[in-house]
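For reference, the structure is listed below as structure tokens.
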Amino acid sequence: MKLVIPLVMCACAAGAAPIRVMLLDGESAGTYHAWRETTPVLKAELEQSGLFQVDVVTAPPASGDFSNFKPDFTKYAVVVSNLDSGTWPADLEASFEQYVKNGGGFVSVHAADNAFPNWTAYNEMIGVGGWRGRRQGAGPHWFYKDGKMEADSSPGMAGSHGQRLPFKITVRDAEHPVTKGLPPVFMHAGDELYANLRGPGMNMDVLGTAYSDPANNGTGKDEPILMALSFGKGRVFHTTMGHDIPALSCVGFIVTLQRGTEWAATGKVTQKVPEDFPTADAVKVRAIAASK
Ligand code: ZN
């Protein structure tokens, strides 16, 4: 009998209901962002945390037929977006806006911050975005200087990056649940270092930045890479990392995705920082088998 009690307690703990995740993907110009390849890797990475049950939902291209695309966002604690899309129908935008405003979680991965340049609420959710015609009207360029974020409203395009080289990420808010316990500086595998993003930057806590090196077509500024935002009652985690499968294989990407998704869904992070997390000097990668 003595064994029964701990076994029952174990079963209860392990039987906690999974967090339901909608992994949203679809349109990207040409094959530059290969979402058909990257989505199964993102799905596997989320599932490996043991916390999430992931459904993939593919949106029609912006020029396509939306008459049968009515996703029920409210069934999910969090929507993780691997979608770079042109404009959505107004009722679909309103449905997503209402979901986040009412407390739904949202995670923007890499080129998801290229999507929807003219959708005001979406740009408030992500804080900053790039490309698809964004210019100064989208908001200032935000960068980190002397211990805080600064805005530069000078005119110009939004969005740039250099070659996909490894770079260092510096944690700027070590008390946030997503970054708490991470090393203060860690290496990221070769990836596009997004720079010159523009946006309203409202309710935006920049958790991590990276130096955009002029020697690699960079701005010479510390650019936001990991962000936590709020929109109404909803929490938003925004990572600009994750161009392709080599970038997604970085343990720093995987762990911040897992932690950021849990935080956006629940407001807490229960995951420990793993032993193989990158250091200030060493990139760490994992081989991830795609999950279909
Ligand atoms: Zn990219």
Side-chain angles (χ1 to χ4, degrees), residues 23-46 56 58-59 61-62 79-86 106-117 119 122-123 125-135 138 141-143 156-169 187-199 206 208-213 215-219 221-227 236-254 256-257 260-261 283 285 288 290:
L23 178 48
L24 183 65
D25 70 2
E27 176 175 79
S28 195
T31 54
Y32 187 65
H33 287 115
W35 51 270
R36 288 181 186 84
E37 293 171 19
T38 53
T39 287
V41 173
L42 291 167
K43 182 169 186 275
E45 292 176 349
L46 291 167
V56 174
T58 301
V79 174
V80 176
S81 180
N82 188 30
L83 170 67
D84 170 15
S85 173
F106 178 47
V107 175
S108 174
V109 177
H110 190 61
D113 71 13
N114 297 194
F116 309 123
W119 179 1
Y122 185 83
N123 285 280
M125 291 176 202
I126 61 175
V128 287
W131 295 278
R132 288 192 178 269
R134 282 177 176 85
R135 302 186 68 85
H141 165 214
W142 292 91
F143 56 96
M157 301 280 288
S160 64
H161 62 76
Q163 298 297 307
R164 295 197 289 275
L165 304 176
F167 56 85
K168 274 186 211 296
I169 294 174
M187 285 300 296
H188 177 43
D191 199 349
E192 294 172 348
L193 195 170
Y194 272 10
N196 262 321
L197 301 181
R198 289 177 169 273
V206 174
T209 63
Y211 178 67
S212 173
D213 190 345
N216 185 20
N217 288 319
T219 57
K221 291 176 173 159
D222 288 306
E223 300 284 347
I225 302 292
L226 301 171
M227 290 150 266
V236 180
F237 174 66
H238 179 174
T239 175
T240 69
M241 296 189 276
H243 172 75
D244 56 10
I245 288 174
L248 298 185
S249 305
C250 169
V251 180
F253 173 83
I254 296 168
T256 51
L257 174 74
T261 302
V283 169
V285 295
I288 303 289

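Counting starts at 1 for both ligands and their atoms, following the listed order.
With rounding to the nearest 0.5 Å, the separation of CD1 in Ile169 from SG in Cys250 is 7.0 Å.
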Ring pair (Phe, Tyr, Trp, His ring centres under 6.0 Å) between His243 and Tyr32, worked out
CA-CA 9 Å; His243 172 75; Tyr32 187 65; 4.9 Å; yes
Please report the C-alpha distance between His188 and Phe253 in whole Å, then the side-chain angles of each, then the deciding distance to 0.1 Å, and finally whether the side chain to side chain contact (heavy atoms under 4.5 Å, CB included) criterion is met.
CA-CA 7 Å; His188 177 43; Phe253 173 83; 4.1 Å; yes
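Atoms of the protein (N, O or S only) found under 2.8 Å from the Zn ion (ligand 1) are His33 NE2, His110 NE2, Glu192 OE1, His243 ND1.
A side-chain contact (heavy atoms from CB on, under 4.5 Å) with Thr58 is found for exactly one of Thr39, Asp25, Asn82, namely Asp25.
Ring pair Phe116/Tyr122 is perpendicular by interplanar angle, where above 60° counts as perpendicular and below 30° as parallel.
In this structure, the salt bridge (charged side-chain N to carboxylate O under 4.0 Å, His left out) partners of Asp84, at least two apart in sequence or on a different chain, are Arg132.
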